[in-house]
Each structure stands twice: as C-alpha cells, then as structure tokens.
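To start, the structure itself, in structure tokens.
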Amino acid sequence: MAASRKLASFRLPPLPTVSELIKLYNLRAEKQLSQNFLLDLKLTDKIVRQAGNLSDAHVCEVGPGPGGLTRSILNAGARDLLVVEKDTRFIPGLKLLSDAAPGKLRIVHGDILTFRMDRGFPVDIAKPWEEDQPNLHIIGNLPFNVSTPLMIKWLENIANRTGPFAYGRTRLTLTFQKEVAERLTASTGSRQRSRLSVMAQYLCTVHNCFTIPGRAFVPKPEVDVGVVHFTPLVKPQIEQPFKLVEKLVRNVFQFRRKHCHKGVEKLFPEACRVELTQEMMQKADVDPILRPTELTIPHIRALADAYAHLCTHEPSLIKYEFREELRMKNLTKQRRTPMGTFSDM
Ligand code: SAM
C-alpha cells in the first residue's frame, strides 16, 4: 500500500525543458519521420489523462521523440515505461530522462511496425481476455505516416490476441490526423463512415477524446490532430477471421456512393457473380440498395457470416481478388497490343 502510494506520487526532478533539450541536442524535426513535437506539458498531461489511471502501470510509448509525453507518463505514476523510437538522435535526451527516473524507463531504438511487443513486458501482467484489462497501456503521439498501417496491424492483433494483446485487452491512447480520428469513430450514416470505422468498431470501444489544434505542435502540421482511446471488446461484434472481415469491408467500401451490392459483387468471379451476390444478400437479409455508409455493424456481421458460409462450400472463393483479376486482364491487354507482344521481346 505504502509502496504503491510512493509510486503514484513520483515526480521527475527539475530537468531542462523539452525545448531546451531540442536546442541542446540540435533536434531539427525530420519531415520524413512525421516529426511534430508537443512541448506544452499541460497538453501532454491531458493526453495521458485519457488513458485512465496509470499508477503502477506498464506503458509502451510509440515515438517518444524529445520526450514531452514521456515526462507526463512518468509523472502519472507509471511503474515501467518502454519507449520505442526510430530516430537515434533522440536517444541521448531519453537517457537523461531515464537517469532522472531510475528503473522506470526502458529505451528501445527500433521501428514500432516490427517491434515484438509480446516480448516487451513480464508475462505475469497478463489478464484473461474475458476479465478486466491488464495494467498495460499503449500511448503515443503517432507519426502520421505510420498511424493507419500501425492501427490496422494492431486491430488484426486484437482479433488474434497477439502482439500487445497477448497480455489481454490492452488499452490504447493515440493521436491521429483529425480526419482519421473522425473516421475511426464515425457512426452509421455519417459522412466520415468508412472502412476504418467498421474495422475499429467491430473490435473495440472507440472514443474520440479531444482535438488538438495544429498550432500546438512544433513544427505546425497542415492538419489538426485527434486523440482517440480504444478498449478491445471482450466479444468482437463480428466473429469471423479478421482477413475475411477485412476483405469484405474493403470490397463493400470501394464504391462508397453506390448501392452496397456493387461492392459485394466484386467478392466473386465474373462467371458466378450475379448468382452468388444475390444468394449472399438474401442469406444476410441486407437491403442491396443500402449505401456502404448506411450499413450497421450487425449488417456487416450478417454479410460476413453469409460470405463465410459461401466460402465453406466453395473454398476457392476466399482467394479470389477482383483487383488482381483486373490487373491480370490489363496486363494481358497490354501484351496483346502490337508494341508489347511477347513475340516482340
Ligand atoms: N512523442 C513526441 C512528441 O509528442 O513530441 C514526438 C512525436 S512525433 C509526431 C513522432 C515520433 O515518432 C518521432 O519521434 C519519430 O522519430 C518517431 N517515429 C517515426 N516513425 C517511427 C517508427 N516507425 N517507429 C518508432 N518511432 C517512429
């Protein structure tokens, strides 16, 4: 009890400010790595508060950079903070922070897209999926260029209970470009409803916490930024393999403004397209003239179940990719033109 109070009341000792560190180590922002720094510690404290109570927590921070958010996570009482940073220039500044918080900050120089988070924390912090969430959080002011691929990867990890979710329902508090944050949380019928909305919401409770104006960052990005909190659901709203759901949703949303059966059709080879689309829509009991943005998660679940049923009867269907067929057709067409025939080569 006394120990946990001591942990929760930890404060970093006086340190050079984040701006002073940037000057000291000459840390010019690299556009290539989507570097936009947060120097206002009141703002980084506010982001960290969205994660909930961090006392005694294990935390992974993505892209700590000059360490503003890192300071707020430590001051919130985290017991063990593992930071993954791709740019070596930030390592000396992070070491300074690590010295100021002995035993609390672990620094990994690496790429978050390949980092094995399932090996990053002690196994005994894991909680069974159906119980409370583990005291493990992922927090990050994400680089814009990796935020969407990273989130898709983590959603797949949630579906398969792998990576950071090998420990249970690890919560995430992350920043995104404002438009992406709006898409992640968009409800059925809204203008921003997209593939990302469905993929995130069938697996998680998603909450758009607040917006940070672009001017709060150094250098100022072109866009505003949204802070989003995710808690994986105990029971996903669609119980089919992630890859199947992803394929269905990708096809359905490829014609956003058309009736949803247009996208569903593209799940099937031309020879059986009309017949199987009709069968799938009927089995799912979904109105084929709804727009993709009007589909609820239960609609998508019914479509995914119907598609899975068809794939069980005809296993080759799951491998069929309309875009791949189109690409092959175009390639054949090009090869048939007089300038590009095989015989000319
Ligand atoms: N957290 C700092 C802040 O809020 O001021 C920096 C945020 S900045 C938007 C993104 C950070 O992620 C940079 O430090 C950048 O070097 C780092 N980064 C970019 N790509 C990365 C990757 N693939 N893996 C780990 N870090 C990455």
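Please read these numbers as outputs of a predicted model, since none were measured by experiment.
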Practice task
Give the intermediate values and the outcome of side chain to side chain contact (heavy atoms under 4.5 Å, CB included) for residues Met328 and Glu324.
Solution key: CA-CA 6 Å; Met328 293 311 283; Glu324 187 55 21; 4.0 Å; yes
Handout entry: Charged N-O contact under 4.0 Å between Glu321 and Arg250
Key = yes
Problem - Pairing of Lys243 and Glu156 as salt bridge, 4.0 angstrom limit - result: yes
Fill in the blank from the handout: Closest heavy-atom pair, Lys258 versus Pro292, reported as atoms and distance to 0.1 Å, is O-CD, 3.0 Å
Handout entry: Exercise: identify the closest heavy-atom pair between Leu38 and Ala216
Key = CD2-O, 3.8 Å
Problem - Any donor-acceptor N/O pair, Asp45 side chain to Ser72 backbone, under 3.5 Å - result: no
Fill in the blank from the handout: In terms of heavy-atom contacts, Asp56 and Asn135 come closest through O-ND2, 3.4 Å
Problem - Check against side chain to side chain contact (heavy atoms under 4.5 Å, CB included), Met280 and Leu310 - result: CA-CA 8 Å; Met280 178 164 150; Leu310 290 172; 3.7 Å; yes
Handout entry: Verify same cluster id: Ile73, Phe10 (apolar side-chain graph, 4.5 Å)
Key = yes
Exercise for the section: Would you mind telling me which of Leu69, Ile139, Ile138, Leu113 makes a side-chain contact (heavy atoms from CB on, under 4.5 Å) with Val62? Expected result: Ile138
Practice task
Please check if the side chain of Thr211 supplies one atom and the backbone of Gly226 the other of a donor-acceptor pair under 3.5 Å.
Solution key: no
Practice task
Give a yes or no on whether Asn330 atom CG has more than 12 heavy-atom contacts from other residues, nucleotides or ligands under 6.0 Å away.
Solution key: yes
Handout entry: Path from Leu39 to Val227 over hydrophobic side-chain contacts below 4.5 Å
Key = yes
Completion exercise
With Ile22 as partner, the option from Val218, Leu27, Thr17 fulfilling side-chain contact (heavy atoms from CB on, under 4.5 Å) is Leu27
Exercise for the section: May I ask you to check whether over 12 heavy atoms, not counting those of Glu270, lie within 6.0 Å of atom CD? Expected result: no
Practice task
Give a yes or no on whether a salt bridge exists between Glu61 and Arg106, defined as a side-chain N under 4.0 angstrom from a carboxylate O.
Solution key: no
Handout entry: From Leu142 atom CG to Thr175 atom OG1, the distance as rounded to the nearest 0.5 Å
Key = 4.5 Å
Problem - Single-linkage hydrophobic cluster Met117~Trp129, side-chain heavy atoms < 4.5 angstrom - result: yes
Problem - Expected output: side-chain Asn36 to main-chain Pro219 donor-acceptor under 3.5 Å - result: yes
Handout entry: Separation of Ile300 CD1 from Tyr202 OH (nearest 0.5 Å)
Key = 11.0 Å
Exercise for the section: For residues Leu290 and Asp287, determine if any side-chain heavy atom of one lies less than 4.5 Å from a side-chain heavy atom of the other. Expected result: yes
Handout entry: Under 3.5 Å donor-acceptor, Thr185 side chain and Ala181 backbone
Key = yes
Exercise for the section: Report whether Leu155 and Phe144 are members of the same hydrophobic cluster (ILVMFWY, side-chain heavy atoms less than 4.5 Å apart, transitive linking). Expected result: no
Problem - Whether over 12 other heavy atoms sit under 6.0 Å from Lys247 NZ - result: yes
Problem - Salt-bridge present (Arg183, Glu179; N to O < 4.0 Å) - result: no
Practice task
Identify whether the distance between the nearest side-chain nitrogen and carboxylate oxygen of Lys178 and Glu182 falls below 4.0 Å.
Solution key: yes
Problem - Straight-line distance of Leu267 CG to Leu248 CG, nearest 0.5 Å - result: 6.0 Å
Problem - Side-chain donor/acceptor of Arg169 to backbone N/O of Asp132, under 3.5 Å - result: no
Exercise for the section: Heavy atoms only: give me the nearest Ala126-Ala166 pair and the separation to one decimal. Expected result: CB-O, 4.4 Å
Exercise for the section: Evaluate the side chain to side chain contact (heavy atoms under 4.5 Å, CB included) criterion for residues Ser98 and Ile107: first the C-alpha distance (whole Å), next the side-chain angles of each, then the deciding distance (0.1 Å), finally the verdict. Expected result: CA-CA 8 Å; Ser98 168; Ile107 304 164; 4.1 Å; yes
Handout entry: Cluster check Leu43, Leu174: I/L/V/M/F/W/Y, side chain < 4.5 angstrom
Key = no
Handout entry: Spacing of Leu105 atom CG and Arg71 atom CZ [to the nearest 0.5 Å]
Key = 11.5 Å
Problem - Separation between OG1 of Thr70 and NZ of Lys104, rounded to the nearest 0.5 Å - result: 14.5 Å
Practice task
For Lys153, look at atom NZ and say whether over 12 heavy atoms of other residues, nucleotides or ligands are found less than 6.0 Å away.
Solution key: yes
Practice task
Decide whether Arg323 and Gln254 meet the rule of one side-chain donor and one side-chain acceptor closer than 3.5 Å.
Solution key: yes
Handout entry: Main-chain N/O of Lys86 paired to His109 side chain as donor or acceptor, under 3.5 Å
Key = yes
Problem - Leu203 CG to Ile158 CD1 distance, which is reported to the nearest 0.5 Å - result: 6.0 Å
Handout entry: Any Phe230 side-chain heavy atom under 4.5 Å of His207 side chain
Key = no
Problem - Distance-only side-chain donor-acceptor flag, Glu325 / Tyr320, under 3.5 Å - result: yes
Practice task
Check whether the side chains of Ser55 and Asn53 place a donor and an acceptor atom closer than 3.5 Å, and report yes or no.
Solution key: yes
Exercise for the section: Answer yes or no: is there a donor N or O on one side and an acceptor on the other, between the side chain of Asn251 and the main chain of Glu265, under 3.5 Å? Expected result: no
Handout entry: Closest approach of Ala100 to Leu15 (non-hydrogen atoms, all atoms of both residues)
Key = CB-CD2, 3.9 Å
Problem - NZ/NE/NH1/NH2 to OD/OE distance under 4.0 Å, Arg116 and Asp118 - result: yes
Problem - Lys/Arg N to Asp/Glu carboxylate O, Glu246 vs Arg195, below 4.0 Å - result: yes
Practice task
Locate the shortest heavy-atom distance separating Asp224 from Gly214; write the atom from each residue and the value.
Solution key: OD1-N, 2.8 Å
Exercise for the section: State, without any angle test, whether Gln35 and Arg89 hold a side-chain donor-acceptor pair at a distance under 3.5 Å. Expected result: yes
Problem - Neighbour count >12 (heavy atoms, 6.0 Å) for atom CD, Glu222 - result: no
Practice task
Find out whether the Lys NZ or Arg CZ of Lys127 is both under 6.0 angstrom from the six-membered ring centre of Tyr167 and within 45° of the ring's axis.
Solution key: no
Practice task
May I ask you to test the Asp80-Val59 pair for a side-chain heavy-atom distance under 4.5 Å?
Solution key: no
Problem - Test item: side-chain donor near acceptor, Arg193 and Gln201, under 3.5 Å - result: yes
Exercise for the section: Using distance alone, with no hydrogens and no angle criterion, decide if Gln240 and Asp305 have a side-chain donor and acceptor under 3.5 Å apart. Expected result: yes
Exercise for the section: Report the C-alpha distance between Phe253 and Val198 in whole Å, list the side-chain angles of each, state the deciding distance to 0.1 Å, and finish with yes or no for side chain to side chain contact (heavy atoms under 4.5 Å, CB included). Expected result: CA-CA 10 Å; Phe253 275 91; Val198 175; 3.9 Å; yes
Problem - Exam field: side chain Glu85 to backbone Gly65, donor-acceptor pair closer than 3.5 Å - result: yes
Exercise for the section: Using only heavy-atom distances, determine whether the side chains of His299 and Thr296 contain a donor-acceptor pair under 3.5 Å. Expected result: yes
Practice task
Measure from the side-chain N and O atoms of Glu294 to the backbone N and O of Arg291, and report whether any donor-acceptor pair falls under 3.5 Å.
Solution key: yes
Exercise for the section: Would you kindly say whether His261 and Thr277 are connected by a side-chain donor-acceptor distance under 3.5 Å? Expected result: no
Handout entry: Backbone of Ala186 reached by a side-chain donor or acceptor of Ser190 within 3.5 Å
Key = no
